[in-house]
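Given the structure is predicted, the values throughout are model-derived calculations rather than measurements. Values below: all heavy atoms of this structure, side chains included; hydrogens, waters and symmetry mates excluded.
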Amino acid sequence: MVKNVSIIPIHERHIAGFRDALDLVAREGNYLVFSEAPPLESVSEFVKGNIKDNGIQLVAVDDDDVVVGWIDILRGNFAKDQHVGRLGMAIVPDWRGRGLGRKLISAALSRAEDSDLELVQLNVFESNQRALKLYEEFGFSREGLRSNAWKINGELINDIPMSRPLKTRKRKI
């Protein structure tokens, strides 16, 4: 049976499923900087904080409300970077290659455009060519290269910082 997927704001009922999906992708070792998800308590605190702060954190859920992917754009932590959001996303293996990444990015960028954020940044492993292509399709530009920034399964991997401006704002001079 083919299941449908919906992109919705994360809710507290998704915390355990989000953590499970995060752990599954992290343990693959190829897409995230950590090798396993943080403890459930930490993930719960993170998600509840984003909900409280009206952060951009969306989940892709199947017909059974199982989390199969996610995206977040988190505002900077300092007064001088509050205009910048950091994008993170991943999709569980069984749901890759179905256009879900496009749906997640489109939904999150739409919300970011409606916020006071001015710039979205991300980092991606150079080895993740599928993600690089997708980000470039959505207007993200490469901002350089951090050579040998990561070591995955004994192989040195370059890190590519990327960014995408949001709506143009008048700047104070």
Side-chain angles (χ1 to χ4, degrees), residues 3-96 100-125 128 131 134-135 138 140 146 149-153 157 159-164 166:
K3 291 188 176 187
N4 295 311
V5 67
S6 301
I7 310 297
I8 59 175
I10 198 164
H11 186 275
E12 287 187 28
R13 74 177 182 272
H14 298 121
I15 292 172
F18 168 66
R19 194 237 176 238
D20 290 346
L22 180 64
D23 194 57
L24 179 63
V25 175
R27 288 179 187 276
E28 285 181 282
N30 297 316
Y31 305 106
L32 302 176
V33 297
F34 42 88
S35 56
E36 64 183 72
L40 183 59
E41 300 77 30
S42 298
V43 173
S44 180
E45 184 178 316
F46 171 76
V47 171
K48 288 177 181 178
N50 287 336
I51 292 170
K52 179 179 170 267
D53 295 339
N54 292 313
I56 299 169
Q57 187 173 14
L58 307 173
V59 289
V61 294
D62 69 12
D63 291 333
D64 297 322
D65 206 35
V66 173
V67 175
V68 298
W70 71 89
I71 190 166
D72 49 44
I73 301 177
L74 305 176
R75 186 177 302 277
N77 293 321
F78 304 100
K80 294 180 181 177
D81 70 350
Q82 289 289 297
H83 66 291
V84 178
R86 299 266 321 145
L87 186 147
M89 71 174 282
I91 299 166
V92 300
D94 289 347
W95 282 86
R96 294 181 192 144
L100 186 51
R102 281 180 183 76
K103 290 178 182 178
L104 283 164
I105 291 176
S106 181
L109 288 176
S110 176
R111 288 175 181 261
E113 288 285 358
D114 291 338
S115 75
D116 61 348
L117 291 172
E118 297 177 38
L119 181 71
V120 177
Q121 297 177 329
L122 61 87
N123 288 67
V124 61
F125 299 147
N128 192 349
L134 181 63
Y135 296 139
F138 276 87
F140 285 87
R146 292 180 46 224
W150 305 103
K151 198 171 206 177
I152 302 174
N153 299 321
I157 304 292
D159 180 75
I160 299 177
M162 302 181 83
S163 72
R164 179 188 187 274
L166 296 172

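Of all heavy-atom pairs spanning Arg111 and Ile56, the tightest one is C-CD1, 3.9 Å. The two residues Ala21 and Val92 come nearest to each other via the heavy atoms CB-CG1, 3.7 Å. Taking both residues in full, the closest heavy atoms of Met89 and Ile105 are given as SD-CG1, 3.6 Å, listed atom of the first, atom of the second, then distance. Summarising the geometry of Ala37 relative to Ala26, their closest heavy-atom pair is N-CB, 4.2 Å, with the distance given to 0.1 Å. Taking every heavy atom of both residues into account, Phe140 and Val120 meet most closely at CE2-O, 3.7 Å. The two residues Gly85 and Leu117 make their nearest non-hydrogen contact at N-CD2, 3.8 Å.
Considering only heavy atoms from C-beta on, Val68 stays 4.5 Å or farther from Asp94 through its side chain. Residues Leu109 and Arg164 are in side-chain contact: their nearest non-hydrogen atoms beyond the backbone lie under 4.5 Å apart. In this structure, Trp70 and Val47 have side chains that are not in contact, with every pair of non-hydrogen atoms separated by 4.5 Å or more. With a 4.5 Å cut-off on side-chain heavy atoms, Leu122 and Ile73 do not count as touching. Phe46 has its side chain within reach of Leu74: a pair of non-hydrogen atoms, C-beta onward, lies under 4.5 Å apart.
Side chain of Ser110 to backbone of Ala107: no donor-acceptor contact under 3.5 angstrom is found. Checking side-chain atoms of Asp62 against main-chain N and O of Asp64 turns up a donor-acceptor pair under 3.5 Å. Counting only distance, with no hydrogens or angles, the side chain of Asp81 and the backbone of Phe78 share a donor-acceptor pair below 3.5 Å. No donor-acceptor distance shorter than 3.5 angstrom exists from the side chain of Asn4 to the backbone of Asp63, with no hydrogens or angles considered. Using modelled atom types, no side-chain atom of Ser6 and backbone atom of Ile8 make a donor-acceptor pair closer than 3.5 Å.
The CG atom of Leu32 sits 7.0 Å away from the CZ atom of Phe125 when rounded to the nearest 0.5 Å. How far NE2 of His83 is from CG of Leu166: 10.5 Å, rounded to the nearest 0.5 Å. From Leu58, atom CG reaches atom CD1 of Ile7 across 7.5 Å, with rounding to the nearest 0.5 Å. Note that CG of Leu40 and CG of Leu22 are 11.0 Å apart. Values are rounded to the nearest 0.5 Å. Here CD1 of Ile15 is found 6.5 Å from CD1 of Ile10. Values are rounded to the nearest 0.5 Å. Note that the CD1 atom of Ile91 and the CG atom of Leu24 stand 12.5 Å from one another [nearest 0.5 Å].
Glu45 pairs by the salt bridge (charged side-chain N to carboxylate O under 4.0 Å, His left out) definition with nothing, not counting sequence neighbours. Every residue two or more places apart in sequence or in another chain was checked for a salt bridge (charged side-chain N to carboxylate O under 4.0 Å, His left out) with Arg86, and none qualifies. Contacts of Arg75 classified as salt bridge (charged side-chain N to carboxylate O under 4.0 Å, His left out), with partners at least two apart in sequence or in another chain: Asp116.
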